[in-house]
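One structure is given below, encoded as structure tokens.
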Amino acid sequence: VSQSRYTKDGVIAKLHKGLEGLVKSRNVTYVQASGKLISKDTVEAGGTKYTGKNIILATGSYPKTLPGLEIDGKQIITSEQAIKLDYVPKSVIVLGGGVIGCEFASVWKSFGSEVTIVEGLSHLVALEDESSSKQLERAFRKRGINFELGVKFKSAERNKKDVKVTLENGKEFTAEILLVAVGRGPVSSGLGYEEVGIKMDRGYVLVDDKCRTNVAGIWAVGDLIPTLQLAHVGFAEGIMVAEEIAGLKPRSINYDGVPRVTYSEPEVASVGLTSVAAKAAGHDIVELNYDLAGNGKANILKTAGSVKLVAKKNGPILGIHMVGSRVGCRPAGGVFSRGGGENAFAARRATAGGWLGNNLQRHLRLQLRIIDQAGRQGGRSGRESAPKGLERDIELIIQPFSGIEKAVAGIGGKLKVLGPGVHHISLGIADDGFAALGGGEIKEGSGVRAVGDGVLQADLIVRLGIPDFF
């Protein structure tokens, strides 16, 4: 545990220092003090007033608790205290079976704790596809992680050595620590938001599709607004607002296309709609499942799980859902296009961890099975040879990063610089489907033609600029 904390603290300190340096290099004034919005164009921090034409609110979130359940920070804790523990508890009750609860339950079990999860809904990670939830539950049972589903918390009683939790069905559980993981709420109270006329709902700041509030010149991003509480979402919202203020007119974020990962063992990863959500949206869907038991890498990792595609019948792929060890780095690889147009799924999505970077080649190789399954959805194998003379549109999106020339060459392509930020790329791709490789902008004229049995030749002009994640 001490080594884990040392590593965590070291990573945080390094990244924080790097960000401070980046801000300083851009001549941004950095003020470290408590602040408050005092008018439509003024923030007061540390006794000094700062005025600006635009104000961006990004005050984040805090771990919530339940009515009557007091957090003492020792026996009854939230994720903020849990991540700072310097010992491994012998036993833990986790109140809440969402992402945070399942991640802590998984890591504590790996350290040797006895773990019980209490979740009021019918499944763990209930916002994921039901098939993924059931697979995670099966894996947790095999690991010896206990859980109670569909029953609500009633009370908690602290003793000198443990905490007794009582559920509404009368069951009682005792453990050394109770972790309260029932979600996070926005930090907005007492910061002057309502006083200047900003519309709020349950503490959240309400915004439009460009993160504008109802007050001109005031914007809000991250956990403060009612969007997905994910780091890469807040990151993308910040970029979008900055570009909008700069007059670059960025596209709005498509939140249905945001990759989501639960970092447990096994991991749960997804992008797009669940089966239930797709049906609720009126889609006539088909589902395709690939069991990882037939995958060599999965057998090496000794993991069980699957890859599930949710697609509109004879139409685009609507969602990808994965369970298994290390699948958290796969959502970007599942981003691909077949035929362009409506069948181009998630062609401008963020990777689960942010930048695709130099993992481009590895992602492309590891996703052939997903691409093959997508080909079958269309009534043909993705590995079926393409007849000569066939022309097909392709969305190939290249993310700017150092080493791009090597990466393009690694997939059988050539890159030529035509001007500042403009490149010509020529590459041959086996007809296994088409992979989207990151963010950027495709100029007109990106056609694909068959040059041999199962081999397509693509000629594209790509403008590499600020990544357009969504």
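Only this structure's heavy atoms are used, side chains among them; waters, hydrogens and symmetry mates stay out.
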Next on the checklist: Looking only at the side chains, is there a donor atom on one of Thr59 and Tyr193 sitting less than 3.5 Å from an acceptor on the other?
Outcome noted: yes

Checklist entry - Atom OG of Ser131 and atom NE2 of His321: how far apart are they, to the nearest 0.5 Å? => result 7.0 Å

Checklist entry - Between Lys84 and Glu80, is the closest basic N to carboxylate O distance under 4.0 Å? => result no

Next on the checklist: If we count only N and O atoms by modelled type, under 3.5 Å, do the side chains of Ser106 and Arg143 hold a donor and an acceptor together?
Outcome noted: yes

Item to check | Under 3.5 Å side-chain donor-acceptor pair for Glu237 and Thr227 | outcome: yes

Checklist entry - Are more than 12 heavy atoms from other residues, nucleotides or ligands located less than 6.0 Å from atom NZ of Lys171? => result no

Checklist entry - Any sub-3.5 Å donor-acceptor pair from Asp256's side-chain atoms to Leu273's backbone N or O? => result no

Checklist outcome for this item: Rounded to the nearest 0.5 Å, the OG1 atom of Thr174 sits from the CD1 atom of Ile93 at a distance of 6.5 Å

Next on the checklist: Under a 3.5 Å threshold, yes or no: a donor from one side chain and an acceptor from the other, between Thr78 and Gln81?
Outcome noted: yes

Checklist outcome for this item: Tightest non-hydrogen contact, residues Ala105 and Ile117, listed as CB-CD1, 3.7 Å

Next on the checklist: Distance check, rounded to the nearest 0.5 Å: Phe104 atom CZ versus Ile177 atom CD1?
Outcome noted: 11.0 Å

Checklist outcome for this item: When rounded to the nearest 0.5 Å, the distance separating CG of Leu95 from OG1 of Thr116 is 12.0 Å

Checklist entry - Counting only N and O atoms by type, is there a donor-acceptor contact under 3.5 Å from the side chain of Gln75 to the main-chain atoms of Asn159? => result yes

Item to check | Minimal non-hydrogen separation, Asp209 against Ser252, with atom names | outcome: OD2-OG, 2.7 Å

Item to check | N/O donor-acceptor pair under 3.5 Å between His123 side chain and Glu137 backbone | outcome: no

Next on the checklist: With a 6.0 Å cut-off (strictly less than), is the heavy-atom count around CG of Leu301, excluding the residue itself, greater than 12?
Outcome noted: yes

Item to check | Rounded distance (nearest 0.5 Å) linking atom CD1 of Ile145 with atom SG of Cys102 | outcome: 8.0 Å

Next on the checklist: With a 3.5 Å distance limit and no angle check, can you tell me whether Asn299 reaches the backbone of Ala293 through a side-chain donor-acceptor pair?
Outcome noted: yes

Checklist entry - Shortest non-hydrogen contact from Ala58 to Leu224? => result N-CD2, 4.3 Å

Checklist entry - Does Ser155 offer a backbone N or O that forms a donor-acceptor pair with the side chain of Thr166 under 3.5 Å? => result no

Checklist entry - So does Glu20 have more than 12 non-hydrogen atoms from other groups sitting under 6.0 Å from CD? => result yes

Next on the checklist: Could you measure the distance from the CG atom of Leu124 to the NZ atom of Lys134? Nearest 0.5 Å is fine.
Outcome noted: 12.5 Å

Checklist outcome for this item: All heavy atoms of Val163 vs all of Ala156, minimum pair found to be CG1-CB, 4.3 Å

Checklist entry - Without hydrogens or angle criteria, can the side chains of Ser306 and Gln135 be said to hold a donor-acceptor pair below 3.5 Å? => result yes

Checklist entry - Can any side-chain N or O of Ser133 pair as donor or acceptor with the backbone N or O of Val125 at less than 3.5 Å? => result yes

Checklist entry - Do Glu265 and Ser325 get their side chains close enough for a donor-acceptor pair, meaning under 3.5 Å? => result yes

